Every structure is written in C-alpha cells, then in structure tokens.
Amino acid sequence: MNAALAVAKAEKFAGTFCTISVVGHSDRDDPPGLTQGQRRASELNASTKRAESARDWIFAQARQALIDDGQPDPGTISSLTRSVLFTQPVGAAQLKEPNPASETDRQRNRRVACLVCFLT
C-alpha cells in the first residue's frame with residue numbers, strides 16, 4: 001500500500017493506526033581534506049535531509065488525500081492522530097554499491113526506504 005494512502009486511511013477510520021519509518025541513505029563522501037569524522041557527519045547530514053524530505057512528501061500527499069476526501073486538514077505532521085512518521089538517517093552505513101565505479105552506482109546508494117506498519 002502506498003505510504004501516503006496508509007496514513008490517510010488511518011486518519012480517516014477509527015480503530016486504524018499507521019506507523020511509517022523513513023530510512024535515509026547517503027553515498028560515501030570522501031572529499032580530500034576532511035577527517036573521517038567530518039566525512040561521516042556529512043554523510044549523516046545528507047541521509048537526514050533525504051529522510052526528512054521523503055517524510056514531508058508522504059505527509060503532503062496524505063494531507064491532500066484527506067482534504068480531497070472531505071476530511072479535516074491535519075495541517076502538520078504532529079497533528080496526525082492515528083499515524084506516526086519517523087525518520088532514521090543511516091549515512092553510508094548500508095551501501096548497495098560499496099565501491100561505486102560510476103555516478104549511477106553512487107545514485108544507487110542515495111536512496112530512501114520506508115517501512116509501513118498498518119494496523120486495523
């Protein structure tokens with residue numbers, strides 16, 4: 001089920017609940033002149049922004065679905081009553097391409113994964 005539709009459904013129907021964990025991944029960032037700690041902080045920052053951006057997109061889509069259905073506008077993520085959207089940045093800890101040879105390989109590392117738990 002689409003993550004945004006799961007949120008909208010949970011908000012619409014009493015007795016339903018939705019939890020979404022949005023996991024942000026980044027590519028390994030090894031520019032010269034940075035310490036390992038600085039590189040890892042940069043990777044974590046990139047994956048944080050990626051996860052937050054995806055979370056915000058999911059909320060915007062769910063919000064619009066609710067409005068289109070004549071439901072009350074939740075306004076903000078924190079106003080959701082039966083849904084929770086978490087973000088989890090992991091930096092470059094789970095690379096799909098550990099030794100990227102091309103920009104395409106690097107793009108495979110920069111991704112978002114969502115785990116949707118929908119309870120009725």
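Being a predicted model, the structure only gives us computed values, none of them experimental. Hydrogens, waters and symmetry mates are skipped; everything else that's a heavy atom, side chains included, is used. Along the sequence shown, residues carry numbers from 1.
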With rounding to the nearest 0.5 Å, note down the distance linking [atom1] in [X] to [atom2] in [Y].
X	Y	atom1	atom2	result
Q61	N2	CD	CG	8.0 Å
R40	S26	CZ	OG	9.0 Å
F17	T81	CZ	OG1	8.5 Å
F13	Q71	CZ	CD	7.5 Å
L5	K9	CG	NZ	10.0 Å
D27	K96	CG	NZ	13.0 Å

hydrophobic_cluster_shared for L85 and V23, side chain cutoff 4.5 Å: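 No, because V23 and L85 fall into different hydrophobic clusters, even though each may have its own neighbours under 4.5 Å.
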Worked check of side-chain contact (heavy atoms from CB on, under 4.5 Å) between T48 and T87: CA-CA 8 Å; T48 298; T87 58; 6.0 Å; no
Considering only NZ, NE, NH1 and NH2 on the basic side and carboxylate oxygens on the acidic side, decide whether E52 and K49 come within less than 4.0 Å.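 Answer for the salt bridge query: no.
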Is any side-chain N of the basic residue among E103 and R110 closer than 4.0 Å to the acidic one's carboxylate O?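 Between R110 and E103 there is a salt bridge, with a charged N closer than 4.0 Å to a carboxylate O.
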Is there a donor in the side chain of S83 and an acceptor in the side chain of E11, or the other way round, less than 3.5 Å apart?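 The criterion, which ignores hydrogens and geometry beyond distance, is satisfied for E11 and S83.
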Mind running side-chain contact (heavy atoms from CB on, under 4.5 Å) on F86 and T19 for me, showing each step along the way? CA-CA 8 Å; F86 296 100; T19 301; 3.4 Å; yes
Only pairs under 3.5 Å count here: list side-chain donor-acceptor contacts from residues 111-120, not counting sequence neighbours, and write none if there are none.
residue : atom : partner : partner atom : Å
R111    : NH1  : Q94     : O            : 3.4
R111    : NH1  : N109    : O            : 3.0
R111    : NH2  : H25     : ND1          : 3.4
R111    : NH2  : Q94     : O            : 2.6

Does a side-chain heavy-atom distance below 4.5 Å link S21 with Q88? no
Applying side chain to side chain contact (heavy atoms under 4.5 Å, CB included), name anything that partners S78, two or more places apart in sequence or on another chain. T76
Write down the atom of A65, the atom of A8, and the distance for their closest heavy-atom approach.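 For A65 versus A8, the nearest heavy atoms are CB-CB, 4.0 Å.
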Residues S47 and G24: closest non-hydrogen pair is CB-O, 3.1 Å
Under the salt bridge (charged side-chain N to carboxylate O under 4.0 Å, His left out) definition, can you give me all pairs with a residue in residues 67-92, not counting sequence neighbours?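 Salt bridge (charged side-chain N to carboxylate O under 4.0 Å, His left out) check on residues 67-92 returns K12-D69, R63-D73.
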Among I20, L66, I77, V84, find the residue that satisfies the side-chain contact (heavy atoms from CB on, under 4.5 Å) test when tested with V7.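 Between V7 and the candidates, side-chain contact (heavy atoms from CB on, under 4.5 Å) is satisfied uniquely by I20.
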